[in-house]
Amino acid sequence: MDRDVLLRPFALLMEYRMYLLAVSGFLIAGAAVTYGLRTEDTVMALGALLFLPNALVLLGVGLRERGWFDEGSPITPD
């Protein structure tokens, strides 16, 4: 089998690694909050919410790498 054919999915995964990390952060937070609410463990449910800011930052980094945001800040003075 050709080596490039085997490595192509891995290369594609590495290209979108920030999205993968962000989605996994959202899934972990959602699962942990759901589990915490179902078992009436408030500390776990609230602690799992700490994953959300990290997932949002990773999503923002991934979007910036793809060019969704301008490099310049919109709040710069004239």
Side-chain angles (χ1 to χ4, degrees):
M1 218 173 189
D2 191 16
R3 182 177 171 188
D4 292 335
V5 173
L6 293 175
L7 293 178
R8 189 176 300 140
F10 183 71
L12 204 70
L13 181 68
M14 286 296 109
E15 187 176 337
Y16 294 104
R17 68 186 173 275
M18 291 299 171
Y19 296 126
L20 178 68
L21 293 172
V23 168
S24 65
F26 285 124
L27 290 176
I28 290 170
V33 167
T34 303
Y35 180 77
L37 290 176
R38 289 188 54 100
T39 60
E40 297 179 6
D41 188 0
T42 308
V43 175
M44 176 182 262
L46 292 176
L49 293 177
L50 295 174
F51 279 97
L52 293 179
N54 296 329
L56 285 173
V57 167
L58 288 169
L59 183 64
V61 168
L63 291 175
R64 182 169 290 232
E65 283 181 355
R66 292 282 162 216
W68 281 51
F69 297 113
D70 293 332
E71 292 298 322
S73 175
I75 306 176
T76 56
D78 291 331

Original post:
In terms of hydrophobic clusters joined by side-chain contacts under 4.5 Å, are Leu49 and Leu58 together?
Top reply: no
Original post:
Which residues, ordered by chain and number, are linked to Phe51 in its hydrophobic cluster, where ILVMFWY side chains connect at heavy-atom gaps below 4.5 Å, directly or through other members?
Top reply: Ile28
Original post:
In the hydrophobic clustering that connects Ile, Leu, Val, Met, Phe, Trp and Tyr at side-chain heavy-atom distances below 4.5 Å, which members other than Tyr35 occupy its cluster, ordered by chain and number?
Top reply: Met44
Original post:
Between Ala48 and Ala29, which heavy-atom pair has the shortest distance, and what is it?
Top reply: O-CB, 3.6 Å
**OP:** Grab the two heavy atoms, one from Leu50 and one from Pro53, that are nearest each other, plus how far apart they are.
**Re:** O-CD, 3.4 Å
Residues which pass side-chain contact (heavy atoms from CB on, under 4.5 Å) with [X], listed by chain and number, not counting sequence neighbours:
{"X": "Leu37", "result": "Val33, Ala45"}
{"X": "Leu7", "result": "Arg3"}
{"X": "Val57", "result": "Val61"}
{"X": "Leu27", "result": "Val23"}

Original post:
For the side chain to side chain contact (heavy atoms under 4.5 Å, CB included) test, which of Asn54, Leu52, Leu21 pairs with Phe26?
Top reply: Leu52
